[in-house]
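The structure appears right after this line, and notes come after that.
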Amino acid sequence: SRHRFHFRARPDESGTRAPLRFKPGAMAAHALGQYLRALAKDPARAEMWAQALGHIDRVGSRAPTGHPAWVTQRVLSGGFAMGPKAGGELADWEREQMSALGFESRRQMNEFFLSSDGLAMLGTVLEERRYACELVEEAALLSVVAELRAQRPGVAEAIVEAIAPFLGELRFYPHMLQQPAPASLLVSAITNAELQRVLRSAKDRPKVMVHKRVCDEFYPLYQELLGIAADTRDLSSGTPFARPPDRKRWRQWETAFKGLRVSLCTKRMRRGSFGKLSQTLAKAAGGKPVSLRERGLAAVILASAIAKRGLPGSPGAAHCLDCARRPIALFVPRGEWAGLVCDRASVCPASQGLDVDIAHPVTAEEAAVRGIRANLELPAFCARAIARATQDTLEGHIKRGVIKSSETMVPLASAMVAAAQAGDPDPVVAHLTNQFTCAFMRRRSLLLTNYETQVKMSEVPWCPRPSACVERPIANRLVAQQLVRLHITHWPDVTIPNKLVSTLQLLLIAAGVDLHLTEEVAADIFMGGFSRKFAEAGARVLAAGELKLYPEFYGLPSADIPTNAQSFNTLCEKIAGMSRTSRASVSGNGAVIEACAILTTSNLYDLLAQGFFGTEHVVGAAENCLTRAVQLTAHETAMSNWQTKKSRVKAAAFAWRQLVFYLSVSGVDVAAWCADAAKEVHGHSAKVWHGQLSRLKAVAEGRSSNVQWVRGWKAQGP
């Protein structure tokens with residue numbers, strides 16, 4: 001069942017709007033609902049939610065399981081933590097390393113690597129770069145070795161002191177490799193091992209498999225059944241069951257029928273001509289008398305089958321069987337395709353992506369071995385999986401369709417970001433920084449309340465600190481520029497997601513750029529106000545002289561520039577249409593958050609002012625935003641459902657906000673652009689967008705307009 005959680009707030013004594021009051025039971029109810037849904041469908045996932053419910057009393061904090069904030073958590077959808085990811089069951093590679101060293105527990109492994117012999121082993125692995133760190137915890141002991149190597153024993157002792165309470169629970173040692181992993185900026189969404197696991201788990205559609213089994217097993221049995229019944233006919237009159245059927249032939253048929261595995265046809269077998277004829281034959285073969293009604297029904301079935309297909313074994317019957325098999329004559333089960341692709345992929349390392357092209361058609365050698373027709377193209381499910389496993393640049397993955405949003409781009413950009421962060425002249429330290437940064441970027445965000453922030457990379461006690469390098473700030477700035485321009489070029493209608501904001505902030509700090517980006521806030525956990533960095537971003541936008549069209553379209557004040565967080569919050573509530581005595585609600589929070597996004601331009605102005613993208617990158621962005629907004633609201637059926645309408649209107653309003661900003665800085669003739677764009681507007685909400693274009697044209701020409709700007713959220717609700 002669907003749960004609705006209401007969060008209420010009352011005005012305080014000063015008359016200002018009080019923040020949203022949370023009820024911890026609401027979040028527990030959500031987790032409990034997810035647990036109950038999973039219990040009926042997926043017991044393994046239900047167990048995960050049960051673990052999250054065990055820590056529900058700390059939900060919303062940076063340490064939801066009682067561990068330090070730097071511990072990597074296993075996170076479920078919604079930001080609920082289950083427990084440390086470096087704890088729990090042993091990984092496969094971890095068992096192998098324990099077996100090779102003769103240990104049985106994590107404590108023994110951690111204590112060994114803190115001994116002189118263990119530190120020497122880690123030192124060799126560190127120098128030869130024969131390790132991989134999936135989690136930041138796995139780089140802890142390597143960092144101890146790196147600090148001792150750099151003659152900083154005090155820092156190494158501080159790291160050991162931080163991890164000492166968890167030596168028996170978490171793994172702080174890396175996955176040691178036989179060969180060093182090659183450094184490359186080419187990335188893949190999944191590894192070779194994950195590709196093979198995905199392909200081998202693919203199953204054919206049930207209807208296709210049933211059709212194949214019917215043609216291969218059922219039709220021949222049906223033809224044999226008709227042949228047995230036809231042999232019982234009287235030669236002169238053609239009446240069936242004039243003599244008993246051949247019992248030996250009948251027993252062979254019955255044995256073959258018992259092994260039939262066509263489950264979809266059992267009811268039709270019993271009630272249809274197949275079932276009635278087989279029952280009558282079983283009765284006659286058993287020596288029981290056959291009634292006149294049963295003989296007449298058998299005569300009708302035989303006459304109909306012979307008229308359609310001819311006698312069993314005749315050319316007509318064989319032709320009908322060939323026609324039935326023709327649609328699936330070239331059908332190859334997914335298991336065969338999976339085996340073929342996995343054989344091709346076996347030449348690449350299992351822990352990396354594919355560096356060779358294995359998406360070519362079936363060769364003659366493969367056809368001879370597997371019985372698949374030569375020159376046959378790989379099916380779509382194989383092509384998609386191979387594309388995700390193939391190493392390529394970010395632009396290449398976007399063109400392939402592997403990266404479909406800037407949020408899914410961030411994990412694949414980790415190698416590029418890590419390479420920029422690891423700007424150290426010492427290759428050993430650079431590789432350790434690279435591994436640590438990639439592991440940190442794989443962390444999932446937690447559900448946080450009370451203005452808490454996600455853990456920063458510098459908060460991890462063993463965060464590598466590369467030496468000062470002239471090229472490092474430049475490299476970080478170039479990577480940030482590339483990520484921003486990819487987002488603007490390919491997804492201009494979407495606000496910069498929080499994952500990308502966090503990555504950009506990491507790059508800006510390393511590049512020496514004094515700019516604090518603002519995150520997107522969720523309406524259901526909004527605390528009633530914004531921090532100082534939001535107010536500073538809004539003040540920069542309102543003071544910008546080049547953004548004349550944007551503030552005039554949304555009616556933003558030019559004189560009332562917020563100087564602190566309180567005045568910024570008041571301005572957001574005013575733009576959202578919330579009064580001081582308004583009761584807080586999720587929809588009201590959404591309206592306030594939307595007003596904040598309008599005031600801050602969702603980081604677009606700050607990134608433009610700092611030169612991370614230019615006006616040449618927004619030439620086609622406005623047209624893409626309008627196309628997307630029209631597409632989202634064009635379908636009358638989708639807009640008739642209030643839930644679908646709510647999400648689509650919100651996304652369309654956000655796309656329109658991006659459009660207004662792009663036009664404000666593009667330098668084009670906005671009035672002429674609006675006149676041309678109005679011809680392309682269509683669909684269910686065409687009137688709404690014609691009104692918005694007329695308002696935008698009027699503002700560009702210096703006229704007033706009675707049309708209100710489109711809102712994604714309403715203070716009164718959807």
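Side-chain atoms are counted along with the backbone in the values below, which use heavy atoms only and exclude waters and symmetry mates. Here the structure is a predicted model, which is why all the values come from computation and not from measurement.
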Evaluate side chain to side chain contact (heavy atoms under 4.5 Å, CB included) for Arg648 paired with His635, printing each intermediate quantity in order. CA-CA 10 Å; Arg648 290 191 174 220; His635 300 285; 3.8 Å; yes
Please report the C-alpha distance between Ser445 and Asn498 in whole Å, then the side-chain angles of each, then the deciding distance to 0.1 Å, and finally whether the side-chain hydrogen bond (donor to acceptor under 3.5 Å, both in side chains) criterion is met. CA-CA 10 Å; Ser445 300; Asn498 287 349; over 6 Å; no
Pair Arg657, Ser602 - check side-chain hydrogen bond (donor to acceptor under 3.5 Å, both in side chains), show working. CA-CA 10 Å; Arg657 184 182 70 231; Ser602 296; 3.3 Å; yes
Can you list the steps and then say if Gln481 with Leu486 is a side chain to side chain contact (heavy atoms under 4.5 Å, CB included)? CA-CA 9 Å; Gln481 282 182 348; Leu486 285 174; over 6 Å; no
Test log, rule side chain to side chain contact (heavy atoms under 4.5 Å, CB included), inputs Leu608 and Phe661: CA-CA 11 Å; Leu608 176 68; Phe661 176 83; 4.1 Å; yes
Please assess Lys533 against Glu519 for the test salt bridge (Lys or Arg N to Asp or Glu O under 4.0 Å), listing each intermediate value before the final yes or no. CA-CA 10 Å; Lys533 67 178 180 180; Glu519 299 85 3; 2.9 Å; yes
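Here the OH atom belonging to Tyr662 is positioned 13.5 Å from the CG atom belonging to Leu626, to the nearest 0.5 angstrom. One distance of note links NE2 of His682 with OG1 of Thr633; it measures 8.5 Å at 0.5 Å rounding. To the nearest 0.5 Å, atom OG1 of residue Thr453 and atom CG of residue Leu448 are 7.5 Å apart. Rounded to the nearest 0.5 Å, atoms CD1 (Ile496) and CG (Leu504) are 6.5 Å apart. Atom-to-atom distance recorded for Ser61:OG and Leu447:CG is 9.5 Å, nearest 0.5 angstrom. Taking CD from Gln658 and CG from Asp493, the interatomic distance works out to 7.5 Å, rounded to the nearest 0.5 Å.
Donor-acceptor pairing under 3.5 Å is lacking for the side chains of Gln610 and Tyr605. Side-chain N/O atoms of Asn564 and Ser567 include a donor and acceptor closer than 3.5 Å.
Summarising the local packing, NZ of Lys645 is surrounded by 12 or fewer heavy atoms from other residues, nucleotides or ligands at distances under 6.0 Å. For Glu616, the CD atom sits in a packed shell: over 12 heavy atoms of surrounding residues, nucleotides or ligands are nearer than 6.0 Å.
Although no hydrogens or angles enter the test, the distance criterion places no donor-acceptor pair under 3.5 Å between the side chain of His490 and the main chain of His487. Looking at Asn450, its side chain never comes within 3.5 Å of a backbone N or O of Glu452 through a donor-acceptor pair. Between the side chain of Thr644 and the backbone N or O of Ser640, no donor-acceptor pair lies under 3.5 Å. Between the side chain of Arg388 and the backbone N or O of Ala189, no donor-acceptor pair lies under 3.5 Å. Of the possible donor and acceptor atoms, none in the side chain of Asn476 sits under 3.5 Å from a partner among the backbone N and O of Ala511. For Asn569 (side chain) and Ala565 (main-chain N/O), a donor-acceptor pair under 3.5 Å exists by modelled atom type. Here the side chain of Arg485 pairs a donor or acceptor atom with the backbone of Phe612 at under 3.5 angstrom. No donor-acceptor pair closer than 3.5 Å links the side chain of Ser406 to the backbone N or O of Met409.
The side-chain heavy atoms of Gln643 and Ser647, taken from C-beta on, include no pair separated by under 4.5 Å. Residues Leu542 and Leu571 meet the side-chain proximity criterion, which asks for heavy atoms closer than 4.5 Å. Side-chain atoms of Cys674 and Leu696, non-hydrogen and from C-beta on, do get closer than 4.5 Å to each other. Between Phe526 and Ile593, the closest side-chain pair of non-hydrogen atoms falls below 4.5 Å. The side-chain heavy atoms of Gln631 and Thr627, taken from C-beta on, include a pair separated by under 4.5 Å. In this structure, the side chains of Trp491 and Ile398 come closer than 4.5 Å at one or more pairs of heavy atoms. Between Leu517 and Gln505, the closest side-chain pair of non-hydrogen atoms falls below 4.5 Å.
Residue pairs meeting the salt bridge (Lys or Arg N to Asp or Glu O under 4.0 Å) criterion with at least one member in residues 690-710, sequence neighbours excluded: Glu701-Arg703. Within the structure, the side-chain hydrogen bond (donor to acceptor under 3.5 Å, both in side chains) test picks out the following pairs touching residues 394-405 (sequence neighbours left out): Asp392-Arg400, Glu395-Gln482, Ser405-Thr408.
In this structure, Phe568 has its ring center closer than 6.0 angstrom to the ring center of Phe530. Annotation: Phe80 is in aromatic contact with Trp49 [ring centroid separation under 6.0 Å]. Ring pair Trp689/Trp656: centre-to-centre distance below 6.0 Å.
Exactly one of Thr600, Val592, Ile598, Leu599 qualifies for a side-chain contact (heavy atoms from CB on, under 4.5 Å) with Cys596. That residue is Thr600.
In this view, Val410 and Met441, Lys499, Leu500, Thr503 satisfy the side-chain contact (heavy atoms from CB on, under 4.5 Å) rule, not counting sequence neighbours.
Nearest heavy-atom pair across Val710 and Glu594 is O-OE2, 4.3 Å.
By the 6.0 Å and 45° rule, Arg384 does not stack over the aromatic ring of Phe381. Within the cation-pi definition used here (under 6.0 Å to the ring centroid, within 45° of the axis), Arg45 does not qualify as a partner of Tyr35. Taking the centre and axis of the six-membered ring of Trp713, the NZ or CZ atom of Arg711 falls outside the cone set by 45° and 6.0 Å.
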